[in-house]
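Structure first, commentary second.
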Amino acid sequence: MKNRNTFSSGLGFVLAAAGSAVGLGNIWRFPYLTAKYGGGIFLLFYIILVITFGYSLMIAENAIGRKTGKSALCAFGELSKKWSFIGVIATLVPIIILPYYNVIGGWVIKYAVTFLTGQHTAAASDGFFEGMLASPLTMILFQFLFTAATTVVILRGVQKGVEKFSTILMPILILLAIIVAVYSITLPGAMKGIKYLFVPDFSNFSIQGILAALGQMFYSLSLAMGIMVAYGSYLPKESNLEKNVSRIEIFDTGIAILAGLMIVPAVFAFSGGDQAALGKGPGLMFITLPKVFESMGMSTVIGSIFFLLVLFAALTSSVSVMEAIVSSLCDKFGWSRNKTTIAAGIGAFLFGIPPILGYSLWDKVTIGGMTILDIMDFTTNSVLMPVCALLTCIFVAYIIGVNVIHDEVKQSSAFKRQKMFDIMIKYIAPILIVAILVSSILDAVGIIKL
């Protein structure tokens, strides 16, 4: 594909891919899971999984994209027509994720505006978050603003849009994260949280913790959702694939640790060491943390910096999710990039309205107690992504053969971790993915509780 857009440099690719990894889930989900599953022991297993399982699947996805020069919807079919359905599943994931992700991005804009205008006391008050969700018109407005911002970046293309946006925002995001982390770890009583975060206590080891770390790794590295295949398709053949993936691992792990340092010590200091105060899901970021900032002083400054950081992180991720959709549709149907992007933006906005109404006018529409947004999240993160990852492993190991990946990687590097890659893709990864899939479904139906 001679006219295909490409990243201008390996660094541009790494920053764009790292921007995809650093999103809302990474900032609030990682600290919550770390606290729930033993702190240091969870972090230890998370790092091990990133450099083994995560590395292997990311290498496979990037190599498939670069070899075919196409995004997920077409790349798998290019290598084996009978297995083109994997690309369909991989493309469905971002199509479902983008609308509800933009809804949560709208929440972040609302909180950022609230803190920037000095209304930190209101943000920390009981019922503020629930009151916000109960106002659908306000939420639709903020969701529109977030969707529009994402769409504008994608309209500018790969180099001038995705790459430039990530190159500018990622350093700012890291700087803001360091500022909040330094504030957090210097609070009275924060040392207990720091120790809990970094010192592994093997008495806290559990199989559930490993599965949770594995699930977080999927979410964090943007695996099994077509993003890394699309980004791989934008890489020139001479770009060192192995080195780039290793850099993404470092970025991802570093930001995850920074997220932990931003939140865990501060909440420990606020709660007197009560891990339960870290809450779960939206409650941590939108209910607990505003109270933490309010109690510790400097509420307007720290709260504003934090929610700007979260907003930037959300935008870098939403850009990658929309890029995966636009790239796939352009490859498959030959549509122009601008028209496809505008259509994707409008579609994401319209399909983002039901999850907004799920907290107000349609709050009775639930399945197993899950709201519309929860249903969309469960479908993608707990079902489609593990299924897509499992099929990708089978595809690489037993359909096209690992040598296809070896040859593609070796065009630009020595592939030093080739043996580990083979073992992970053929044997270990499929078993772990099946474990994630089964445990997620059992958890959802209430048979077990992770």
Side-chain angles (χ1 to χ4, degrees), residues 23-30 32-33 36 89 92-111 125-144 146-147 208 211-212 215-216 218-219 224-225 276-290 310 314 317-318 321 347-388 436-450:
L24 292 172
N26 209 34
I27 291 179
W28 91 52
R29 197 168 181 262
F30 181 82
Y32 153 68
L33 290 174
K36 182 176 181 180
I89 297 172
L92 271 177
V93 174
I95 287 174
I96 298 173
I97 285 178
L98 186 61
Y100 79 79
Y101 198 92
N102 289 349
V103 170
I104 303 173
W107 299 353
V108 178
I109 293 178
K110 169 66 175 176
Y111 268 77
S125 63
D126 293 333
F128 180 84
F129 181 61
E130 291 78 6
M132 179 189 76
L133 296 183
S135 178
L137 290 179
T138 301
M139 290 299 91
I140 288 172
L141 171 62
F142 284 116
Q143 183 243 0
F144 171 79
F146 189 88
T147 304
Q208 291 93 339
L211 293 176
Q216 172 62 18
F218 262 95
Y219 199 93
M225 56 178 76
L278 281 157
K280 183 178 181 180
L284 171 61
M285 184 179 297
F286 298 108
I287 298 175
T288 303
L289 284 177
V310 176
S317 285
S318 65
V321 174
F349 170 70
L350 293 176
F351 282 100
I353 293 175
I356 288 174
L357 298 180
Y359 290 100
S360 52
L361 300 177
W362 294 355
D363 59 351
K364 298 294 189 294
V365 181
T366 61
I367 297 178
M370 292 190 291
T371 65
I372 296 173
L373 190 149
D374 292 333
I375 294 167
M376 295 169 76
D377 181 65
F378 174 79
T379 301
T380 53
N381 292 296
S382 299
V383 180
L384 292 181
M385 285 168 63
V387 167
C388 184
I436 291 178
L437 184 60
V438 172
S439 64
S440 296
I441 293 173
L442 293 178
D443 182 41
V445 299
I447 295 177
I448 62 171
K449 285 293 175 186
L450 297 183

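Values below: all heavy atoms of this structure, side chains included; hydrogens, waters and symmetry mates excluded.
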* Do the non-hydrogen side-chain atoms of W107 and L133 ever get within less than 4.5 Å of each other? ->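 SC-SC contact between W107 and L133 confirmed.
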
* Heavy-atom side-chain contact between F129 and Y111 under 4.5 Å ->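 The answer is yes; the side chains approach within 4.5 Å.
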
Closest approach of [X] and [Y], non-hydrogen atoms and distance?
X: V103; Y: G352; answer: CG2-O, 3.2 Å
X: L357; Y: P136; answer: CD2-CB, 3.9 Å
X: A348; Y: N102; answer: CB-ND2, 3.9 Å
X: T380; Y: P386; answer: O-CD, 4.2 Å

Using residues 372-379 as the side-chain source, report each donor-acceptor pair under 3.5 Å to any protein atom, sequence neighbours left out, with the distance given to one decimal.
from: D374; atom 1: OD2; to: T371; atom 2: N; distance (Å): 3.3
from: D374; atom 1: OD2; to: T371; atom 2: OG1; distance (Å): 3.1
from: D377; atom 1: OD1; to: Y100; atom 2: OH; distance (Å): 2.8
from: D377; atom 1: OD1; to: N381; atom 2: ND2; distance (Å): 2.5
from: T379; atom 1: OG1; to: I375; atom 2: O; distance (Å): 2.8

* Would one find more than 12 heavy atoms of other residues, nucleotides or ligands at under 6.0 Å from atom CD1 of I367? ->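 Incorrect, the count does not exceed 12.
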
* Return the set of residues passing ring-ring contact (aromatic ring centres under 6.0 Å, His included) with F146 (not counting sequence neighbours), or none when no residue passes. =>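 Not a single residue meets the ring-ring contact (aromatic ring centres under 6.0 Å, His included) criterion with F146.
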
* To do: Mind checking the OG-CD1 spacing from S317 to I104? Nearest 0.5 Å is all I need.
  =>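 One finds 11.0 Å between OG of S317 and CD1 of I104.
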
* Rounded distance [0.5 Å steps], CE in M225 versus CD1 in I95 ->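 Interatomic distance, M225 CE to I95 CD1, rounded to 0.5 Å: 13.0 Å.
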
* Quick one: side-chain hydrogen bond (donor to acceptor under 3.5 Å, both in side chains) partners of Q216, sequence neighbours excluded? ->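 Residues passing side-chain hydrogen bond (donor to acceptor under 3.5 Å, both in side chains) with Q216: N26, R29.
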
* Where at least one partner belongs to residues 125-141, residue pairs that pass salt bridge (Lys or Arg N to Asp or Glu O under 4.0 Å), sequence neighbours excluded ->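 Salt bridge (Lys or Arg N to Asp or Glu O under 4.0 Å) check on residues 125-141 returns D126-K291.
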
* Could you list all the side chain to side chain donor-acceptor pair (under 3.5 Å) pairs where at least one residue sits in residues 352-362, not counting sequence neighbours? =>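 Qualifying pairs: none.
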
Return the set of residues passing side-chain contact (heavy atoms from CB on, under 4.5 Å) with [X] (not counting sequence neighbours), or none when no residue passes.
X: I140; answer: F349, I353, I356
X: F218; answer: F53, L57, L223, A224, M385, A389, I433, I436
X: T138; answer: S135, F142

